[in-house]
Amino acid sequence: MTSFQGKVVAITGGASGIGLATAKILASRGATVCLADINQGGLDDAVKALAAIGGGKHTAQIVDVGDSEVVTAWINKIVSDHGKLDGAANLAGMVRVQREIKDETDEAWAKTMHINADGVFYCLRAELNVMREGGSIVSAGSVAGQVGFVGLGAYCASKAAVNLLTKTAAREHPIIRVNAVSPGATATPMVAAMEAEYGHEQPTAAACIKRKADPSEIAQGIVFLLSDDASFVTGTVISLDGGWQA
Ligand SMILES: NC(=O)c1ccc[n+]([C@@H]2O[C@H](COP(=O)([O-])OP(=O)(O)OC[C@H]3O[C@@H](n4cnc5c(N)ncnc54)[C@H](O)[C@@H]3O)[C@@H](O)[C@H]2O)c1
């Protein structure tokens, strides 16, 4: 296992699900983790959990990834507090009530694109401006950014945008590795909320492994991409989807 001792890693969406699972692994390997989220209670619990695990002096801050000035100020503050930013995981995201494209509202389309696509763009821009050679950025795409899902047009489009922003950033900044992960259905509060709303489990029949991932299974892939073990991996979208696209 590669050590993250002395490394500073920023994580959006760090109060819950895949972001929190990623933070826990990084803390266990010695990193200083800087969490951002819009969920204050979740951030408070997360920082306590990370402190109990170990690593550096972890921090948490309310940051709405849809606010570019707030995102830039947060990333710049990390660098002024810690002297550097080694890694970043852009994992904040949301999914809205499912509607087919013919019924989709302007508001739901705009909100989904704003948080999932604009939000990753704001983070990437701020991170690329401060990271030094050897830095690594990982953003959350989705299997829904690679294949279409009925009723998830806005979400699919927002995640496809993450994939191509990732590839473009990698070409523009070869000294920094920039990748995305493409998770399949994962047992997080986001999916639990969808399941409660629709009254049935998220279907996994399309995958080879017919179950939801545990968030830690996605986090392991993100941590690999953040680590020096992935020193020749950039500009790619790694599928962590139980074979959904096999
Ligand atoms: N769970 C899945 O099945 C799945 C599958 C593919 C991709 N993803 C993606 O993985 C990422 C993590 O999702 P998750 O399943 O862990 O969900 P989650 O809801 O457990 O965690 C997402 C976190 O993002 C935060 N967030 C939402 N909007 C924000 C904003 N504007 N600014 C800052 N933080 C914000 C939430 O408060 C939450 O803590 C998301 O980008 C999601 O789209 C999830």
Side-chain angles (χ1 to χ4, degrees), residues 10-24 34-47 49 60-71 73-75 88-96 98 110-124 126 138-147 149 152 154-163 165-166 180-198 201-204 206-207 209 211-219 221-222 237-242 244-245:
I11 304 181
T12 70
S16 176
I18 294 168
L20 179 56
T22 302
K24 286 179 174 173
C34 304
L35 302 176
D37 206 290
I38 50 173
N39 174 355
Q40 183 70 65
L43 283 176
D44 293 344
D45 291 346
V47 165
Q61 188 175 315
I62 289 284
V63 173
D64 180 348
V65 296
D67 186 329
S68 69
E69 284 182 19
V70 170
V71 167
W74 170 60
I75 292 293
N90 304 320
L91 307 177
M94 46 89 56
V95 64
R96 270 287 176 97
Q98 303 186 12
K111 175 83 179 169
T112 306
M113 291 300 288
H114 184 54
I115 299 306
N116 293 355
D118 296 357
V120 168
F121 161 63
Y122 298 152
C123 291
L124 269 175
V138 182
S139 300
S142 170
V143 68
Q146 298 187 300
V147 299
F149 280 73
L152 281 183
Y155 185 77
C156 290
S158 71
K159 292 301 185 178
V162 170
N163 295 346
L165 270 173
T166 297
V181 292
S182 176
T186 306
T188 66
M190 176 187 280
V191 164
M194 282 175 74
E195 290 178 340
E197 187 164 355
Y198 292 102
E201 277 215 24
Q202 179 81 1
T204 54
I209 302 172
R211 63 168 173 82
K212 283 172 280 198
D214 185 83
S216 65
E217 293 177 287
I218 309 303
I222 295 168
V237 180
I238 292 197
S239 292
L240 304 169
D241 62 5
W244 205 296
Q245 299 169 82

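Note that the coordinates shown come from a computational prediction; the quantities given were computed from them, not determined experimentally. Residue numbers start at 1 and run along the sequence shown. Counting convention: from 1, in listed order, for ligands and their atoms alike.
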Novice: Should you measure from each heavy atom of Y155, which atoms of ligand 1 turn up under 4.0 Å away?
Specialist: 6 (C), 7 (C), 8 (N), 9 (C), 42 (C), 43 (O)

Novice: What protein heavy atom lies closest to atom 14 (P) of ligand 1? Include the residue and the distance to one decimal.
Specialist: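 Looking only at protein heavy atoms, the one closest to atom 14 (P) of ligand 1 is T188 OG1, 3.6 Å.
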
Novice: Is the closest heavy-atom distance from G42 to ligand 1 below 4.0 Å?
Specialist: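 No, G42 has no heavy atoms under 4.0 Å from ligand 1.
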
Novice: Is there a side-chain contact between C123 and T12 (heavy atoms, below 4.5 Å)?
Specialist: yes

Novice: Please indicate whether any nitrogen or oxygen in V65 is less than 3.5 Å from any nitrogen or oxygen in ligand 1.
Specialist: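 The answer is yes, given that V65 and ligand 1 share an N or O pair closer than 3.5 Å.
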
Novice: Quick one: look up the protein heavy atom nearest atom 22 (C) of ligand 1 and list residue, atom name and how far away it is.
Specialist: G93 O, 4.1 Å

Novice: Only one of S182, S139, S142 passes side chain to side chain contact (heavy atoms under 4.5 Å, CB included) with V162; say which it is.
Specialist: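 When side chain to side chain contact (heavy atoms under 4.5 Å, CB included) is applied between V162 and each of S182, S139, S142, only S139 qualifies.
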
Novice: Counting only heavy atoms, tell me which of G14, A15, G13 gets closest to atom 24 (O) of ligand 1.
Specialist: G13

Novice: Any atoms of ligand 1 less than 4.0 Å from a non-hydrogen atom of P183? List them with their elements.
Specialist: 5 (C), 6 (C), 7 (C)

Novice: With rounding to the nearest 0.5 angstrom, report the OG1 to CD1 distance, T166 to I238.
Specialist: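 These two atoms lie 11.5 Å from each other.
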
Novice: Please report the closest heavy-atom contact between A10 and I75, naming both atoms and the distance.
Specialist: CB-CD1, 4.2 Å

Novice: Would you call the rings of Y122 and H114 parallel, tilted or perpendicular if under 30° counts as parallel and over 60° as perpendicular?
Specialist: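 Ring orientation, 0 to 90° scale: perpendicular.
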
Novice: Relative to atom 4 (C) of ligand 1, which among A213, S142, G184 owns the nearest non-hydrogen atom?
Specialist: G184

Novice: Give the atom numbers and elements of ligand 1 that come within less than 4.0 Å of a heavy atom of G17.
Specialist: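 Within the 4.0 Å cut-off of G17, ligand 1 contributes 16 (O), 20 (O).
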
Novice: Is there a heavy atom in G119 that sits closer than 4.0 Å to ligand 1?
Specialist: no

Novice: With rounding to the nearest 0.5 angstrom, report the CZ to NZ distance, R96 to K111.
Specialist: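 The distance works out to 6.0 Å.
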
Novice: I need the contact type for M190 against ligand 1. Using non-hydrogen atoms and a strict under-4.0 Å cut-off, is it side chain, backbone, both or neither?
Specialist: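 Both parts.
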
Novice: Between V70 and D64, is a side-chain contact (heavy atoms from CB on, under 4.5 Å) present by the stated rule, with each step listed?
Specialist: CA-CA 7 Å; V70 170; D64 180 348; 5.6 Å; no

Novice: Consider ligand 1: state whether an atom of it lies below 4.0 angstrom from any non-hydrogen atom of V191.
Specialist: yes

Novice: Nearest 0.5 Å, please: how far is CD1 in I218 from OG1 in T186?
Specialist: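 Interatomic distance, T186 OG1 to I218 CD1, rounded to 0.5 Å: 4.0 Å.
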
Novice: With heavy atoms of D64 as the reference, note each atom of ligand 1 found under 4.0 Å away.
Specialist: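 With D64 as reference, the close atoms of ligand 1 come out as 30 (C), 31 (N), 32 (N).
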
Novice: According to the salt bridge (charged side-chain N to carboxylate O under 4.0 Å, His left out) rule, which pairs have a member within residues 186-198, sequence neighbours left out?
Specialist: E195-K212

Novice: Is I18 close to ligand 1, meaning an N/O of one under 3.5 Å from an N/O of the other?
Specialist: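 The answer is yes, given that I18 and ligand 1 share an N or O pair closer than 3.5 Å.
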
Novice: Between T188 (side chain only) and I18 (backbone N and O only), is there a donor and an acceptor less than 3.5 Å apart?
Specialist: no

Novice: With sequence neighbours left out, what residues match D44 under side chain to side chain donor-acceptor pair (under 3.5 Å)?
Specialist: Q40

Novice: Under the side-chain contact (heavy atoms from CB on, under 4.5 Å) criterion, do I115 and V65 qualify, and how do the steps go?
Specialist: CA-CA 6 Å; I115 299 306; V65 296; 4.1 Å; yes

Novice: Does any N or O atom in N39 lie less than 3.5 angstrom from one in ligand 1, N or O only?
Specialist: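 Such a contact does not occur with ligand 1.
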
Novice: Counting non-hydrogen protein atoms only, what is the nearest one to atom 3 (O) of ligand 1? Give residue, atom name and distance.
Specialist: T186 N, 2.8 Å

Novice: Quick one: look at D37 and ligand 1, take heavy-atom pairs under 4.0 Å, and tell me if it's side chain, backbone, both or neither.
Specialist: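 Both the backbone and the side chain of D37 come within reach of ligand 1.
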
Novice: Provide the number and element of each atom of ligand 1 under 4.0 Å from a heavy atom of L91.
Specialist: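 This gives 11 (C), 12 (C), 40 (C), 41 (O) as the contact atoms.
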
Novice: Hey, does A144 sit under 4.0 Å from ligand 1 if you only count heavy atoms?
Specialist: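 The answer is no, since A144 has no heavy atom less than 4.0 Å from ligand 1.
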
Novice: Heavy-atom distances under 4.0 Å are what count here, so tell me which part of K159 touches ligand 1: side chain, backbone, both or neither.
Specialist: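 It is the side chain that gets close, since no backbone atom is under 4.0 Å.
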
Novice: Drop me the distance from I62's CD1 to L35's CG, to the nearest 0.5 angstrom.
Specialist: 11.0 Å

Novice: How far is atom 29 (C) of ligand 1 from its nearest protein heavy atom, and which residue and atom name does that atom have?
Specialist: I38 CD1, 3.6 Å

Novice: Less than 3.5 Å between some nitrogen or oxygen of A36 and one of ligand 1, yes or no?
Specialist: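 No.
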
Novice: Within ligand 1, which atoms have a heavy atom of A185 less than 4.0 Å away?
Specialist: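 Once the distances to A185 are compared, the set is 3 (O).
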
Novice: Need the ligand 1 atom indices (1-based, order shown) with element for anything under 4.0 Å from a heavy-atom of A140.
Specialist: 10 (O), 11 (C), 41 (O)

Novice: Has ligand 1 got any nitrogen or oxygen that is less than 3.5 angstrom from a nitrogen or oxygen of S16?
Specialist: yes

Novice: About how many Å separate CE of M94 and CG of N116, when rounded to the nearest 0.5 Å?
Specialist: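 If we round to the nearest 0.5 Å, N116:CG and M94:CE are 6.5 Å apart.
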
Novice: Among protein heavy atoms, which sits nearest to atom 34 (N) of ligand 1, and what does the distance come to when rounded to 0.1 Å?
Specialist: A92 CB, 3.5 Å

Novice: Please round to the nearest 0.5 Å and tell me the distance separating atom OH of Y198 and atom CD of Q98.
Specialist: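 The distance works out to 4.0 Å.
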
Novice: Enumerate the atoms of ligand 1 whose separation from the nearest heavy atom of G141 is less than 4.0 angstrom.
Specialist: 7 (C)

Novice: As a test of understanding, state which of D37, T22, L20 forms a side chain to side chain contact (heavy atoms under 4.5 Å, CB included) with L91.
Specialist: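 Answer to the side chain to side chain contact (heavy atoms under 4.5 Å, CB included) test with L91 among D37, T22, L20: T22.
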
Novice: So which bit of V63 gets within less than 4.0 Å of ligand 1, heavy atoms only: side chain, backbone, both or neither?
Specialist: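 For V63, only backbone atoms sit under 4.0 Å from ligand 1.
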
